[in-house]
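Only one structure is covered here, and it is reproduced in the block below.
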Amino acid sequence: LGMCTQCVMPLCKLCVKDASGNHKCQKCYDQFELQDDGTCMFYMDKYMPKPEEALLALIITVAVIVVFAFLWCTIFGQHPERCRHMHAITRGRRHRHLTKTTTWHVKREQAREWINMFANVHTKDFFGLGAALFYNSIVFLFVVALICFVAVRMLYSGEDMHGVLMTTEVALGTMEDSVRMMPHGQPAMVISPLHSCGHKSLSSRELFLQFARKKCAVLGLLYVVIFLLSLAYARFQKLWEENFDKKNASMSDYALWVDGLPK
C-alpha cells in the first residue's frame, strides 16, 4: 500500500529504517535536537545538570557554608552584641505570645482563654469580619466547581460520544478501506473517515456535530448561571456583613464622631 507506519522513536518527526530494519530518527520535532545515537532531546536539557551532579553541587555548597561559619566563629569569635540581640529576640517572642487571639473574661478566675481553632467565626466576632467573608468565598467557589463538574460530567457521559472520543488510533487493517492509491507510483494517501463521504463516517460525523452543539449549549448555560450566581453571591456578602455587624460589637461601636471643634 505504501502507507506510512508510526515511528517507534519518541519525539521523532521523520524516521527511516536502516539496513537491519531498525528505526532511526532522521528529523526531530521543533525544539528538539537530534543526538548522535539517533534519539531526540529537548534543546534545553543540554544546559541542565544531571541529578547526581545537582546533588553533588548541593552537598558541596552546604559543606562550604558550614566550614565558613566554623572558621568565622573561630577567628572572629562571637558577636559583641549577642546578649543585646538575644534580649530583643526574647521580647519579640513574648510580644507574639501576648498578641495571640484570645477571649477575655474579666469576671472569671482565668481571665485569658485561648480560642479553639474550630470556633465558629460566623456567629461570633473572633478575628473580625474578613475571616467569615473569606470562608463564605470558599463555599461559593466549591459550589461553582461542583456545578461545572456536574455539567461537564453529563456532557461527556454519553456512551456513543465516549466511544468516539476514546478512539485515538485506528488499526492498520481497518484503514485499508480509506486508502486512495495515487498514480505514477506516488505514496498512498490515507483519508480519515471523518472527512470522507463513506457510510462509515456518517455516524461519527453526526456524533461530533451533536457533541459540538451540546458543548456550546452547556458552556453558554454555565456562563449565564455562574454570572447570576456571582451577582447573588455579592449581594449575599453585603447582606451578611450588615447582619454580622448588628449581632457583634466592633471597635467602631465604641467610637464617637466629634466635629465643629475650634481649631
Side-chain angles (χ1 to χ4, degrees), residues 10-11 29-32 42-45 48 51 96-104 112-170 192-195 201-255 257:
L11 308 176
Y29 284 100
D30 295 339
Q31 299 183 353
F32 292 90
F42 186 54
Y43 77 101
M44 289 293 294
D45 288 349
M48 300 297 294
R96 177 179 177 273
H97 178 74
L98 294 176
T99 55
K100 289 183 178 179
T101 306
T102 56
T103 301
W104 292 91
R112 195 162 179 255
E113 180 185 359
W114 298 107
I115 294 179
N116 187 3
M117 63 179 302
F118 298 102
N120 188 358
V121 297
H122 288 79
T123 57
K124 195 171 182 180
D125 189 1
F126 293 111
F127 309 102
L129 179 64
L133 295 179
F134 172 73
Y135 286 124
N136 290 344
S137 65
I138 293 179
V139 175
F140 171 73
L141 291 178
F142 176 78
V143 172
V144 171
L146 182 62
I147 293 175
C148 294
F149 172 77
V150 173
V152 175
R153 181 68 178 177
M154 293 176 60
L155 178 64
Y156 284 88
S157 62
E159 297 181 357
D160 296 336
M161 199 62 226
H162 179 73
V164 174
L165 293 177
M166 292 298 294
T167 306
T168 56
E169 294 185 0
V170 182
S192 171
L194 296 178
H195 296 282
S201 64
L202 294 178
S203 59
S204 299
R205 295 183 65 181
E206 289 297 330
L207 286 175
F208 271 109
L209 291 176
Q210 183 180 2
F211 173 75
R213 298 188 188 98
K214 289 183 178 179
K215 186 176 181 180
C216 180
V218 170
L219 293 180
L221 182 61
L222 279 178
Y223 180 84
V224 175
V225 170
I226 294 176
F227 176 73
L228 295 178
L229 283 178
S230 301
L231 296 179
Y233 167 71
R235 181 61 179 171
F236 167 78
Q237 289 283 73
K238 182 64 176 178
L239 295 177
W240 192 91
E241 183 271 336
E242 296 176 357
N243 187 32
F244 185 84
D245 184 66
K246 293 179 180 179
K247 295 181 179 179
N248 297 275
S250 60
M251 290 186 293
S252 61
D253 296 327
Y254 299 96
W257 179 273

For the student: nearest non-hydrogen atoms of [X] and [Y], plus distance:
X	Y	result
Cys148	Ile226	SG-CD1, 3.7 Å
Lys214	Leu155	CB-CD1, 3.6 Å
Ile147	Leu222	CG2-CD2, 3.9 Å

What residues form a side-chain contact (heavy atoms from CB on, under 4.5 Å) with [X], not counting sequence neighbours?
X	answer
Val224	Leu228
Asn243	Lys247
Leu239	Arg235, Glu242
Leu129	Leu133, Trp240, Glu241, Phe244

Interatomic spacing from CG in Asn248 to CG in Asp253 - rounded to 0.5 Å: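 The CG atom of Asn248 sits 9.5 Å away from the CG atom of Asp253.
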Those residues that, when tested against Tyr135, pass ring pair (Phe, Tyr, Trp, His ring centres under 6.0 Å) (two or more places apart):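 Listed in chain order: nothing, the list is empty.
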Residue pairs fulfilling side-chain hydrogen bond (donor to acceptor under 3.5 Å, both in side chains) with at least one residue in residues 221-233, sequence neighbours excluded: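 Found Tyr233-Gln237.
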